[in-house]
Amino acid sequence: MQKPYIAKKIETKWQKEWQKKNVYRASSKNDKKNYYVLEMFPYPSGKIHMGHVRVYTLGDVLARYKRCSGYNVLHPMGWDAFGMPAENAAFENKIHPAVWTKQNIDNMRTQLKAMGLSYDWDLEFATCDPLYIECQQKIFLDFYKNNLAYRRKAWANWDPVDQTVLSNEQVIDGKGWRSGAKVERRKLPQWFFKITEYADDLIDSLDELKNWSNQVKVMQKNWIGRSEGLKIEFKIEKINKQIDAENIEVYTTRPDTIYGASFIAIAPDHPISKSLAASNKELQRFISECNQIGTSEEALEKEEKKGFNTLIKVFHPLEEGKFLPVYVANFVLMSYGTGAIFGVPAHDQRDLDFANKLNLPIKVVVKDTSNKSEKISKVAFTGDGEIINSGVLNGMNTSEAKSHVMNLIENKKIGKRSKQFRLHDWCASRQRYWGCPVPIILCDECGIVPVPITQLPVLLPEDVTFDKIGNPLDYHEDWKSVKCPKCNKNAKRETQTFDTFVDSSWYALRYPAPNSKEPIDKKEMIKWSPPDQYVGGIEHAILHLLYSRFFNRGLKKTKYVDFDEPFKGLFCQGMVCHKTFKGPNGWVEPENVRFRGDRAFLKSSNQELKIGRSEKMSKSKKNIVDPMSIIDKYGADTARLFMLSDSPPERDLDWSENGVDGCWKYLKKIWGHFHNYKFTQPNFSILKDASEQQNKIRREIHTCIQNTTDSIESFRYNSAVASIRKLSNLLLNLDNIDSNLILEQIILEGWQSYLIMLSPITPHIAEELWLLINKKSSILLQKWPEVNRELLKEQKIRMAIQINGKLKNTIEIEQKEIKDRALQESKAMALDNIKSATTKKKPKKIIVIPGRVINIVL
RNA sequence: GCCACUGUGGCGGAACUGGUAGACGCGGUGGAUUCAAAAUCCGCUUGGGGUAACUCAGUGUCGGUUCGAGUCCGACCAGUGGUACCA
């Protein structure tokens, strides 16, 4: 009578057992090396989704693999607990953000535990814990004292109806998500971190991050956007009393195109624009129109190019007698360069769009050598080429002309070489309740006053309501009113809270000692940090990871740590996607769909549904599969196995019910086999007497071990699963061979290795089956199987024989013949179809790549 | 718009630094078992042509480099992520 595979039963059993024995406790005892695996902690949105299942399974496999490979492993979990959804829930469901968040954390912790993840739960914390708030406030004050944080005015999205600040997400098509009112921009005092101070270092150090994906490094480099350009003063033609300036300073990265300039454009919030607007209603109107675009870069860039002619003209600095008109333009940003540009329509797409709109001249000054036509109408030529129509610059190439113009301008003392960054300082304050309060007191007399360390933490008041729109801290007079620590007069607390990216910028350093009074416990931190491997979604490639890199540098400056980079290794995984289903009444959840062949129908009414392509699982499209329903139905091991099976971790994964079913069937098959097979006691010493035939089988087993190990080491978990399955297929087929003592040992060796390699992926079933072949100790304590290299060496090698690069035949050679070109060639030429082909036509050339391929060119 | 990535059978994907395209799985299909079905097991499964040995084509599209390209280069098309207040 076969024991049925009831996943739930064994999973709960082992989860209890492991918890009881505290097997995942991170300790740095004994002489093993330490290894810190960290996955990006989740926002407690309510319940775990498939994206969580994926990233935490990936990290868990690594953590378990490292434990088997002889490391002490730190593998913690916590909660990115502040953020907007809690406030939205408060507004919609009248539940306090703290209560909502705690409920979600409790629920999600239970769910994560059901997945059998190997966390040391003793290290858990949430960013909304009073102790974490206190530590973060201490760090902030140190940053402030070290000139890494400052307060200034900056734009924010303003909803004029709701009278509140909106996040970019809450602005939909330029309108407020609740009020529907056209969103405006407003300048408000906000807190900034001086990330630009490290701009050079943040780019240059990318080269040292060897275990970071190149993709992320390139994105960060472009995001920081270092450019070596030129600042030039353009003299204003006539003194204009309204503006308090004689020049307009312009920044350019293309000084070589200066002869192609046909206009100057300044930002709507440029000082000159503002001065002119004071007495010009029309310009005022234009500027306020520009201010309605919103704050997102995407919106600004996509907006139709518009300009306002100021009627001011400036002299061209190199071309005698030439004047350029000055426009206020909606695509020029005050925050980049000098807030003013010279427009070269022929060689910049935005300038060209602008020129076409306003009928400005287009003068070609760089010759596109790949294109015969010199005319430019709709597409600007932005590449390098030969300079033409440019006086002294004619005939130079782009880079010669660039340095020539820079020298000219510098010699004339009307400009300077200048390095600029696209990156701007990090605006780290929010006008919201559910976040870590900025520990500052604003005093009419003393200005900005830090809250004294002894008065920390500044905690959020609990008695707030969310029926009023806006930031409840602003209305909370009791909480706001304090005495100034300096002069003891009445003062107000800063009512802004930190961007949640601040919370997530240093949490990794907190896990080694989460209860320490010090923000970062040096003794514990030094044993583990920085994390050896960080795992998370590619969507965090820039903001979270760049902010963390800055923050770590700040922590170094303020003496909390002594290293620059927060994460030694970084791996970014793809998203979990699913097909979408749409019926007459909108999107339909996969669980309500019934399939007949290729077609989908609504379960309740049999209405046919339209099947859409696979997209990121999202609430709006309802293409969500609840991980818990999968764990209930199949078990955590099946869910974990499927997560790793098909897609490579860095790519998007398509959720498929069939795939999950397949994984479950597979585990059931393995389960059945272990319960039917009678394993012998290990006696591996007799393996040395194995026959060549038996060694061939061992060789295949060890090849699988080698491939699995290589795949895990390089994060190719899907390939690892494939090699593991290959190994089990091989071992299952051995059942049909006549048994003998040596073969039994080979099979036992194979299955032992198999289970150990399977255990990081599906730990529960692996532990349960391990009992059947080795009743002594837990599989979690086993050593990763070692590859017998001697065995692999004896393998025969198969070589491809090609004619004109196309495969025609193969030959087999011995390992010792690997360098014998002549032998390989003669073996190839002796093959029937090669012989007949080469007698018909004489080979022109024979290329022999020893041990790999022979190509005969006819 | 800009930056980055991805594109291989019916589907997910494999192929180490350019060297046998399709490993491993899903689905499909044929068979075994069964009174029947489910489950399970075994075979086949890129497309075209051929009774067959075999042969031609084939890795988003077009072009290039090379003895040889899924892999390198150029242009294009499509999808995805980010775009600074979603996390």
Side-chain angles (χ1 to χ4, degrees), chain A residues 40 42-43 45 80 82-85 156-157 165-171 190 195 213-216 218-223 225 295-303 331 349-350 353 370 422-432 499-501 504 537-544 546-547 572 574-575 577 598 613-616 642 645-648 650-654 656-663 665-666 668-669 672 707 710 714 716 718-719 721-726 729 798-810 833 844-847 849 852-857:
Chain A
M40 290 179 185
Y43 177 77
S45 52
D80 188 11
F82 281 130
M84 281 205 313
N157 295 313
V165 173
L166 296 179
S167 68
N168 285 342
E169 192 189 44
Q170 293 168 329
V171 180
Q190 312 204 51
I195 189 169
S213 80
N214 212 41
Q215 176 189 7
V216 173
V218 171
M219 279 195 263
Q220 290 210 353
K221 190 175 172 217
N222 292 333
W223 180 263
T295 57
S296 87
E297 188 200 25
E298 190 189 359
L300 287 167
E301 283 277 347
K302 280 189 179 164
E303 187 74 18
F331 64 94
Q349 192 59 48
R350 287 181 305 184
D353 295 343
S370 64
R422 208 187 74 95
L423 179 73
H424 47 77
D425 278 340
W426 171 12
C427 179
S429 56
R430 301 288 180 263
Q431 298 71 39
R432 297 183 200 293
D499 175 7
T500 55
F501 280 128
S504 57
I538 187 67
E539 65 272 22
H540 293 290
I542 293 176
L543 295 181
H544 163 55
L546 193 62
Y547 290 153
C572 293
M575 297 168 306
C577 302
D598 291 344
R613 62 157 208 282
S614 194
E615 292 179 65
K616 178 181 177 173
F642 175 70
S645 283
D646 284 353
S647 300
E650 71 277 11
R651 249 194 273 163
D652 289 351
L653 176 145
D654 259 310
S656 94
E657 194 72 27
N658 283 333
V660 183
D661 213 50
C663 288
K665 281 182 192 162
Y666 173 72
K668 208 168 70 167
K669 181 163 84 177
N707 291 343
D710 289 351
S714 54
R716 290 175 359 250
N718 55 325
S719 298
V721 171
S723 326
I724 289 175
R725 289 185 80 138
K726 206 172 179 178
N729 289 347
R798 191 175 250 208
M799 283 179 66
I801 312 302
Q802 305 173 331
I803 291 180
N804 291 337
K806 284 186 180 165
L807 180 78
K808 294 293 163 185
N809 213 329
T810 58
N833 62 339
K844 281 187 204 143
K845 211 178 188 182
I846 297 175
I847 289 150
I849 312 293
R852 297 189 106 167
V853 70
I854 294 176
N855 188 14
I856 299 156
V857 186

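Labels below follow one simple rule: chain letters A, B, ... track the order of the sequence lines, proteins then strands, and each chain is numbered from 1. Only heavy atoms go into these numbers, but all of them, side chains included; no hydrogens, no water, no symmetry mates.
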Nucleotide paired to B:C41 in any strand shown, Watson-Crick or G-U, under 3.5 Å: B:G31
What does A:Asp652 touch in the nucleic acid at a heavy-atom separation under 4.0 angstrom: a base, only the sugar-phosphate, or nothing? sugar-phosphate
Applying a 4.0 Å non-hydrogen cut-off, can you work out what A:Gln190 is touching in the nucleic acid: base, sugar-phosphate, or nothing? base
With syn defined as a glycosidic angle within 90° of 0 and anti as the rest, where does B:G9 land? syn
Using a 4.0 Å heavy-atom cut-off across all strands, classify A:Val171 as base, sugar-phosphate, or nothing. nothing
Determine whether the aromatic ring of A:His424 stacks with the base of B:A84, defined as ring centroids separated by less than 5.5 Å and ring planes inclined by less than 30°. yes
Can you tell me how far P in B:C5 sits from the matching atom in B:G10, rounded to whole Å? 29 Å
Rounding to the closest angstrom, what is the interatomic distance between B:G50 and B:U66 at atom C1'? 34 Å
Look at all strands and tell whether A:Arg852 reaches a base, only sugar-phosphate, or nothing, counting heavy atoms closer than 4.0 Å. base
Can you tell me how far C1' in B:U61 sits from the matching atom in B:G79, rounded to whole Å? 15 Å
A:Phe501 CZ to A:Arg430 CZ distance, which is reported to the nearest 0.5 Å: 8.5 Å
Between B:A21 and B:A15, how far apart are the P atoms? Round to whole Å, please. 16 Å
From A:Ser719 OG over to A:Asp710 CG, what is the distance, rounded to the nearest 0.5 angstrom? 10.5 Å
With respect to the side chain of A:Phe501, which nucleotide from B:G82, B:A87, B:C85 is positioned closest? B:A87
Applying a 4.0 Å non-hydrogen cut-off, can you work out what A:Met799 is touching in the nucleic acid: base, sugar-phosphate, or nothing? nothing
So how far is it from A:Ile854 CD1 to A:Ile847 CD1, rounded to the nearest 0.5 Å? 11.0 Å
Distance criterion of 3.5 Å, no angle test: do you see the side chain of A:Glu303 paired donor-to-acceptor with the base of B:G1? no
Nearest-nucleotide pick for A:Val857, side chain only, options being B:C67, B:G27, B:A87: B:C67
Identify whether any heavy atom of A:Asn729 sits under 4.0 Å from a base atom; if not, whether one sits that close to sugar-phosphate; answer base, sugar-phosphate or nothing. sugar-phosphate
At 4.0 Å (heavy atoms only), tell me whether A:Trp223 reaches a base, stays on the sugar-phosphate, or touches nothing. base
How long is the span from the NZ atom in A:Lys616 to the CG atom in A:Leu653, to the nearest 0.5 Å? 14.0 Å
Would you mind classifying the nucleic acid contact of A:Tyr666 as base, sugar-phosphate or nothing, using non-hydrogen atoms under 4.0 angstrom? nothing
B:C3 base / A:Glu301 side chain donor-acceptor hit below 3.5 Å: no
Which whole-number value in Å describes the distance from A:Asn157 CG to B:C86 C1'? 13 Å
Side-chain contact check for A:Asn855: nearest option of B:A57, B:C5, B:G68 is B:G68
Got a donor-acceptor pair under 3.5 Å from the side chain of A:Gln431 to the base of B:C85? yes
Closest-nucleotide 5' rank along RNA chain B - winner of A:Ile849 and A:Lys302: A:Lys302
Where A:Val853 and A:Met799 come nearest, the two heavy atoms and their spacing: N-CE, 3.8 Å
So what does A:Pro648 touch, heavy atoms closer than 4.0 Å: a base, only the sugar-phosphate, or nothing? sugar-phosphate
Quick check on RNA chain B: between A:Asn804 and A:Val721, whose nearest nucleotide comes earlier from the 5' end? A:Val721
Atom pair distance, as rounded to whole Å: CG in A:Asp646 and C1' in B:G12: 5 Å
So A:Lys726, base contact, sugar-phosphate only, or nothing? Heavy-atom distance under 4.0 Å. sugar-phosphate
Counting any heavy atom closer than 4.0 Å, what does A:Ile801 reach on the DNA or RNA strands: base, sugar-phosphate only, or nothing? nothing
A:Ser296 has its side chain closest, among B:A84, B:U20, B:G81, to B:A84
Inter-nucleotide P distance (B:C73, B:U17), Å rounded: 14 Å
Measuring from the side chain of A:Glu169 (C-beta onward, heavy atoms only), which nucleotide among B:C67, B:G82, B:C86 has the closest atom? B:C86
Given the P atoms of B:G60 and B:G9, what is the spacing between them in whole Å? 7 Å
Integer-rounded Å distance: B:C86 P and A:His544 NE2: 16 Å
Expressed in angstrom and rounded to an integer, what is the separation of A:Leu543 atom CG from B:A4 atom P? 17 Å
Measure from the side-chain heavy atoms of A:Ala156 and tell me the nearest of B:A4, B:C56, B:C85. B:C85
Using a heavy-atom cut-off of 4.0 Å across all strands, would you classify A:Arg798 as base, sugar-phosphate, or nothing? base
Can you tell me, in whole Å, how much space there is between the C1' of B:A57 and that of B:C35? 50 Å
Integer angstrom distance from the C1' of B:G18 to that of B:G68: 8 Å
Describe the nucleic acid contact of A:Gln215 in one word from base, sugar-phosphate, nothing, applying a heavy-atom distance below 4.0 Å. sugar-phosphate
For a quick check, tell me whether the side chain of A:Arg432 and the base of B:C85 share a donor-acceptor pair closer than 3.5 Å. yes
How many Å lie between CD on A:Glu298 and P on B:C3, as a whole number? 14 Å
Which nucleotide in B:G81, B:U6, B:A84 has an atom nearest any side-chain atom of A:Met575: B:G81
Assign A:Arg350 to base, sugar-phosphate, or nothing according to its heavy-atom contacts below 4.0 angstrom with the strands shown. nothing
